[in-house]
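Presented below is the structure to which this report refers.
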Amino acid sequence: MLFNSLVFLIFAAIFFGIWPFVRRFVGTRSIFIVCASFIFYGWWDWRFLFLIIASGLVDYFCALGIERYSKAKKFFLCLSLFCNIGSLAIFKYLDFFIANLNGGSELLSSPLNIPAAELILPVGISFYTFQSMSYTIDVYKGEMKPTRNIGHFFAYLSMFPQLVAGPIVRAKDLIPALESPQELNQGDIWIGFRWIVHGYFKKMVIADSFAPVVATAFGSTAVASSTTYWWCVVLMWAFQIYCDFSGYSDIARGLGKWMGFDFPENFNHPYVARGFRDFWSRWHISLSTWFRDYVYVPLGGSRVTPYKAHFNMWVTMLVSGLWHGAAWTFIAWGALHALYLSVERWTKWPKMLEKFGPIGNLVAIGITVFLTCIAWVYFRAENFGQANAIVAQLFNVTQLNTDYVLQKIGMFQFLWLGAAVSREAFFALGINTWSVFQKPWFENVRVVTLAVVIVMTILFRGPGATFVYFQF
Amino acid sequence: MSTEKVRILTVAVLALSLLVAIAILRPRDKHGIPESTFWQNKFSGPAEFDIVAAGDSRILHGVNVEEFENAGLGKALNFGFRGTPANEEYYSMAAERLGDGDKQKILVLGITPNGFTANAVTTNGFNQKLKDFKAAKKSRFSTPAWFAAIEQRFEPAKLAEMMRVASRRKNPLQETYYPNGWIESSHQKPNEDYALRFFNVRFDGNAADPARVKSACEYLQTLIGQGVRVVAFRPPVSDSMSAVEDEKSGFEYTEFKKTFSDLGGIWIDVDPAKFKTYDGSHLNSASAREFSKWLAMTIKSRLELMK
């Protein structure tokens, strides 16, 4: 079920119509969440519900095993990791492995020609698998006690607002909330409402308006020879993926608030980051912290020699690239970010630029956005050939014609690009901290603004498209 | 009621009032149907037609299939899409709209070089529309008719349309969407050289591929073998547009005409000088009506000759 579909609006209306009557009863509430979440997920393909159930059961019992049989706790952890990573490997990476095996064997002049499995990729598998894994790891590390209530566990694992595209919620944060009765804060309802409205606007207006431009540009067999055009496309892609994903996260967090749960912030204006360390503390925060806590730190983190720390960071970023998709272009995207982070650690260039005051900070933001855009090309491109050709075109200063741009991109898209950039500038320049926005009467302005945003979302929506992060 | 709930309620009432006001005040085309319904009709209708016209935007804008019906060729549909590839996937979808009635089934194809290029397959309007349609169909699951009617009032707005309404200017390009799949178009300031700048570069590294032509012909032969009359023609365009396509596309009309006729297809030669385009590539409203009438009569007489 997509958040931007009529079916979901009906589903949400029914869910929140019943919710006030069940939320006070802890046990019933979890069962209700599980049933609703299974309907939400099963609407796409009910067969894959069995995968969530199987994956969840393994982790539920492994966590209990870790607590009960402390001598065999490593075995239970390995069993959990094996099952979770195994299902990811089969559904997400099998064809990638096969293609590489076939390619490698061809190079050695003994082609294997293994046929591709062509399995359907279950929506959100990477998200719920990571969420499930973190539960057993936290229990293993003694950071939390396993829950004995299977209803609470599955409510945590399958909670529909964040089931298919995050934010990735930690068990130690959500399970205690599920185990205790909560009073709904009226202020949270208003905050949740604002998040939901803004989330829909980001997704349906900004991201969906850019989607056709980006799809046409990257779908073409030949790379159009216009540098201006490609910069527009790459910027639109950068904002499409940001607004698409952060829009989803905003809606998910808003729905969570309405249910009385706090999901972690997933995006904090990543395009105002001054450097890549800063960028990764603002982009897909729940995933970045997951990789930090469950990959980077166990490898030794930065409490080792500088070279080993760089190595650990490279491994983390490459795995992060592979998490996003089973293709070498995603790994290249991860490698580029690892390179950016390595250079930043060595040179400390954001600190150097900071000495030049606001101008230096703006330059730091510009450099970060510029290099991020280059990396986004590899993230979106169909293959290396296309990515390299586009990057070469981005640096081709001899083809700065605007005719092609105006032919291919509409005025509305430029308008939304301007709006998206202005929104980031609003935060980069610190306008959001002005005292006027904190005044009590400003809430009335917010009321009018939200009504206008709803009207704009309906009237200026782009062609309905699925969420980009669903494929991960 | 808490302050927060009052705020949410105020937002909802304000938004709803604004939306209703916009829906009432928004200008609408009195003759045609809403654009979204137009595209939905193209894909989702039943297989009930006797004659289907297929091809790219030149067919979409240039063939008023009502003339086919007036000429007695049966129930007709314009299955044209912008930037369509001339391949089996598209032609088979067009042929699927032909019904099982008693009348002779006819597929009318507008042949343009662009349909046989690589870019036509990857960046075509047909695939995009099909994708949008599938997504819409999925999300429209169990949408009641009354809701669809309300939904049509809230079609996404276009910036150019809004700016024109604000400045009280009329759109120089007037388009009317008809339920039979035709878009009637006319331009206040026609410029026969307008589309040339796009076509001058369209075939750079993207020439018509002989393998694609061969593959399309093979599929058309299958259709002919199944008893479908396949008629084809070169849609009329400006002289300079014809010259650019002949020179740069790598597509040979003479060769295609011979191959197609040998397969059993009916090729119709069109005299483009008789018809006027508004941009060098698309017929204006009057010429489209005139051309459609002439095409219908020509198809009818050619079919009668073959009896």
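Quantities reported herein were computed from a predicted structural model and do not represent experimental measurements.
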Legend entry - OH/B:Tyr194: more than 12 non-hydrogen atoms of other groups inside 6.0 Å: no
Inset, instruction - Output the distance between atom CD (B:Glu4) and atom CD1 (A:Ile191), rounded to the nearest 0.5 Å. - result: 8.5 Å
Inset, instruction - Please determine, among B:Val11, B:Thr10, B:Leu19, the option with the most heavy-atom pairs under 4.5 Å with chain A. - result: B:Val11
Inset, instruction - Indicate yes or no: at least one non-hydrogen side-chain atom of A:Trp190 is less than 4.5 angstrom from one of B:Val6. - result: no
Inset, instruction - Check whether A:Val448 gets within reach of chain B through its side chain, its backbone, both or neither, counting any heavy atom under 4.5 Å. - result: both
Legend entry - Whether over 12 other heavy atoms sit under 6.0 Å from A:Phe21 CZ: no
Inset, instruction - Please look at A:Ile454 and chain B and tell me whether the side chain, the backbone, both or neither of the residue comes under 4.5 angstrom of a heavy atom of that chain. - result: side chain
Inset, instruction - Enter the distance from A:Gln186:CD to B:Ile8:CD1 here, rounded to the nearest 0.5 Å. - result: 8.5 Å
